[in-house]
4 protein chains.
Amino acid sequence: MAEFAALGRPRSETARVAVLRAVDDLLVEIGYSAMTMKGIAERAGVGRQTVYRWWPTKAHILVEACADDARGELAFVVRDDPVGAITDFLVALTEFLTASPAGAAYRALLGEAQHDAEVGRLVAAADLLAPPARAVLGQVRGRLRGVPADPFAVAELCGPVVLIVMTGATPPSRLALRAHARRLAAAWS
Amino acid sequence: MAEFAALGRPRSETARVAVLRAVDDLLVEIGYSAMTMKGIAERAGVGRQTVYRWWPTKAHILVEACADDARGELAFVVRDDPVGAITDFLVALTEFLTASPAGAAYRALLGEAQHDAEVGRLVAAADLLAPPARAVLGQVRGRLRGVPADPFAVAELCGPVVLIVMTGATPPSRLALRAHARRLAAAWS
Amino acid sequence: MAEFAALGRPRSETARVAVLRAVDDLLVEIGYSAMTMKGIAERAGVGRQTVYRWWPTKAHILVEACADDARGELAFVVRDDPVGAITDFLVALTEFLTASPAGAAYRALLGEAQHDAEVGRLVAAADLLAPPARAVLGQVRGRLRGVPADPFAVAELCGPVVLIVMTGATPPSRLALRAHARRLAAAWS
Amino acid sequence: MAEFAALGRPRSETARVAVLRAVDDLLVEIGYSAMTMKGIAERAGVGRQTVYRWWPTKAHILVEACADDARGELAFVVRDDPVGAITDFLVALTEFLTASPAGAAYRALLGEAQHDAEVGRLVAAADLLAPPARAVLGQVRGRLRGVPADPFAVAELCGPVVLIVMTGATPPSRLALRAHARRLAAAWS
DNA sequence: GCTTAAGCGAGACGGTACGTCTGGTCTTACT
DNA sequence: AGTAAGACCAGACGTACCGTCTCGCTTAAGC
């Protein structure tokens, strides 16, 4: 089966990786709003046009840069105890949002989504939070019969922690998260 | 009782109101990120320096412009039934976040807070969500003995709705919110 | 015999002197173009409006500030020898233009006159160079019968030195000026 | 023979010419002091940065814009008669300073040089007046043995006319200039 | 081995917002 | 009515980034 002929010089993998790497670094070093397309290109040692050719905005680069990391960091381990499983996930989520570069990227993107509907769609499509959350919910659903249907299931699980982190409060301790997990289990039993 | 002598020309109330009004309008018309200090000044018919004299960033103006509105729109009516009270609040919150100009401002500010720590502090200080939420929680606490302490009480109440709205999902119906309220009541009983 | 009654508060001599003084200082310290009405007012410890009330531009202040000084520094001593008299005047003129604050003011004003016709008229009206020059020419006219009529007399006397100084060449020595004076005397004999 | 590789997009000749042209026009239309870098860029249909990239101040643009014109307008024709040659040059100089756009530029630059030493050096380096003057002096030196050495030769030739023009007096007639030329010839014979 | 075609780094282009500065004007209370 | 203070509207300053463009060069595939 014939592929489309690849005319001209093929895309440089070196450049692609350098840009993603530069975005990761810059996000940590100077923050989302101080990050510019110009700065990214320079940091990556790449022409400006090369960045614009493959990504229309810094949000798009950021999504590509952090999607894999995000999913990895929220992966969960099987746990027999529902409250324990929920607690583990919430701790991982808190850690992710407050301490991980990928989490910082996610917060920045969710923030930008409030300013720019296009970024909103992008973040919604990337769907970084829901899959890991649904994995936990699926595991728990055997023991807890009242787990709600999808929009609310994920929201009830993640929403409180996300709100706490985004409003800048001190991140909750494992103890507090365990108590929260117990209340969720009660609500869903 | 002696007042401090007012040296020089006093601040123009006209200019102050014109700027707040312009920010309100522009947020609705062109959105947060397209809004510029230059544009605000021009729309308000005010010198650029006058804007900078009183507010360092557009986020500061927005906080001043929407704080009062926000509090008003989330004010709640006393309700005997806990689930009903929670439902009413959640409906008002959803309405606020998705349909009101002040809510749009709040979302923009919460978004900007993820990019700029200074704005984060500002939004935290303005504390727009917590007081109305605490009012509901206070009323409900008589019937429900398990309402948690403060960081989580507000977060469990508002977090799921805020997350749903911020991720761009279709806003929940009153029915879905009532079911969510019932689960909250169960968790807190 | 009755004067017109001076209604209201009389003009503050303190303020007037402070402004003139400030202009003198600032010209030396930061130069003409860096000098602003705002800066003058602040340096003089005077309200901005007070400056604008009495002088429309910094050029007007400068003329008032340096006119007396200028005339003083170019005053000449009677001298029997025509070449000596001319030489003395040219040395004084060179000194004035290159080393004196009043001379710096004169150069700045003559410069500004090339940009702004209103300042041109002002400088022409102040007529700082011509009277001292005419004094020398008057004294010399007894011995030299060919001294030309007015526009050219002053111009031939002062023009070469002024041009040399304004084009930034190294100021001429007394010897060179004496030779120049001898040529002038030859031309006018 | 290898040239240096031209990295990046080459400078736009169109933009360069448009700016020089805009400066020429604006000087005539609104004068030196009303001319702004912003206005020049807009008039030239050029980005502001493009102007700043190649010229630090409007004085630098003006020098580049008028240097060639200036030299052309002061070019002289060979003349056997020394007084006639000097007269011709003085008439051309007067014409240049009072009626030509390039002359207006020269006056503005000489004026600005009194405010800003950097512009002073620039104007001195451009050296617009001296070469044509020296051409005349060279021609005349055969007949007149007393023509002085360089700083004064040019100054005695041009200074009186320049001073008359810069102080805003009515420009001298050809008759007056011829008389002045005769006195110069006498001084230098 | 030559042609064709697209990607590459570099950097200038026309725009425009930034935050600061000054220009002039005005509005206070005080003298 | 003049004064110092200082806010007002207006707009230029020089810088930074936007997204586009034009260079010469590189790197492939197809002839």
Side-chain angles (χ1 to χ4, degrees), chain A residues 5-12 14-16 18 34-42 44-54 56-58, chain B residues 3 5-12 14-16 18 34-42 44-54 56-58, chain C residues 6-12 14-15 18 34-42 44-54 56-58, chain D residues 3 5-12 14-16 18 34-42 44-54 56-58:
Chain A
L7 275 188
R9 181 176 180 172
R11 177 172 182 184
S12 158
T14 312
R16 194 189 131 260
M35 215 165 67
T36 67
M37 291 295 258
K38 186 170 188 280
I40 293 166
E42 276 165 11
V46 141
R48 211 119 73 84
Q49 191 67 66
T50 300
V51 180
Y52 282 109
R53 182 156 28 235
W54 303 111
T57 73
K58 59 180 175 175
Chain B
E3 282 293 329
L7 271 188
R9 182 175 177 173
R11 177 173 181 183
S12 159
T14 311
R16 194 189 131 260
M35 214 165 68
T36 66
M37 292 295 259
K38 186 170 188 281
I40 293 166
E42 278 165 8
V46 143
R48 211 119 71 86
Q49 190 70 70
T50 300
V51 180
Y52 282 109
R53 180 152 35 230
W54 302 112
T57 72
K58 57 180 175 176
Chain C
L7 275 187
R9 182 173 178 174
R11 176 172 183 183
S12 158
T14 312
M35 215 165 67
T36 66
M37 292 295 260
K38 188 170 187 278
I40 294 166
E42 277 164 10
V46 143
R48 211 120 74 84
Q49 191 65 64
T50 300
V51 180
Y52 281 109
R53 183 154 27 236
W54 302 110
T57 73
K58 57 180 175 176
Chain D
E3 282 292 328
L7 273 188
R9 181 176 178 172
R11 177 171 181 182
S12 159
T14 312
R16 193 189 131 261
M35 214 164 69
T36 66
M37 290 295 260
K38 187 171 188 280
I40 293 165
E42 279 166 8
V46 142
R48 212 120 71 85
Q49 189 70 65
T50 299
V51 181
Y52 284 110
R53 182 153 32 231
W54 303 111
T57 72
K58 57 180 176 176

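In what follows, every chain begins at residue 1, and chains take the letters A, B, ... in the order their sequences are listed.
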message: Output the rounded distance in Å from OH (D:Tyr52) to P (E:dT16).
response: 17 Å
Nucleotide of E:dG23, F:dC8, E:dC13 approaching C:Met37 most closely (side-chain heavy atoms): E:dG23
statement: Judged by nearest nucleotide, the residue sitting upstream toward the 5' end of DNA chain F, B:Ala44 or B:Gly8, is B:Gly8
- request: Among the candidates F:dT3, F:dC13, E:dG23, find the nucleotide nearest to the side-chain atoms of D:Arg48.
  value: F:dC13
statement: Testing F:dT3, E:dC18, E:dG9 for proximity to the side chain of B:Thr36, the answer is E:dC18
- request: Calculate, to the nearest 0.5 Å, the distance between atoms CZ and CE belonging to B:Arg48 and B:Met37 respectively.
  value: 9.5 Å
field: Separation of E:dG19 C1' from B:Trp54 CH2 (nearest whole Å)
entry: 18 Å
message: Which nucleotide wins on minimum distance to the side chain of C:Arg53, given the candidates E:dG23, F:dC8, F:dT3?
response: F:dT3
- line: In whole angstroms, the gap separating P of F:dT3 from CG of B:Leu7 amounts to 17 Å
- prompt: At their closest point, which heavy atom of A:Lys58 faces which heavy atom of A:Met35, and how far apart are they?
  reply: NZ-O, 2.9 Å
- prompt: Counting side-chain heavy atoms from C-beta on, which of E:dG14, F:dA4, F:dC17 comes nearest to D:Val46?
  reply: E:dG14
- prompt: To the nearest Å, how far apart are D:Glu42 CD and F:dA12 C1'?
  reply: 10 Å
message: Applying a 4.0 Å non-hydrogen cut-off, can you work out what B:Gly45 is touching in the nucleic acid: base, sugar-phosphate, or nothing?
response: sugar-phosphate
field: Atom-pair distance (CD1 on D:Ile40; P on F:dC13), nearest Å
entry: 8 Å
- prompt: Which heavy atom in C:Ala15 sits nearest to a heavy atom in C:Ser12, and how many Å separate them?
  reply: N-OG, 3.0 Å
query: Of B:Pro10 and D:Arg16, whose closest DNA chain E nucleotide lies nearer the 5' terminus?
result: D:Arg16
Between C1' of E:dT22 and NZ of D:Lys38, the distance in whole Å: 15 Å
Close side-chain approach of B:Arg16 and B:Trp54, heavy atoms under 4.5 Å: no
message: Measuring from the side chain of D:Thr50 (C-beta onward, heavy atoms only), which nucleotide among F:dT22, E:dG14, F:dA4 has the closest atom?
response: E:dG14
- request: Select one nucleotide: of E:dG14, E:dC8, E:dA17, the one nearest the side-chain heavy atoms of A:Arg9.
  value: E:dC8
statement: B:Gln49 CD to F:dC13 P, in whole Å, measures 17 Å
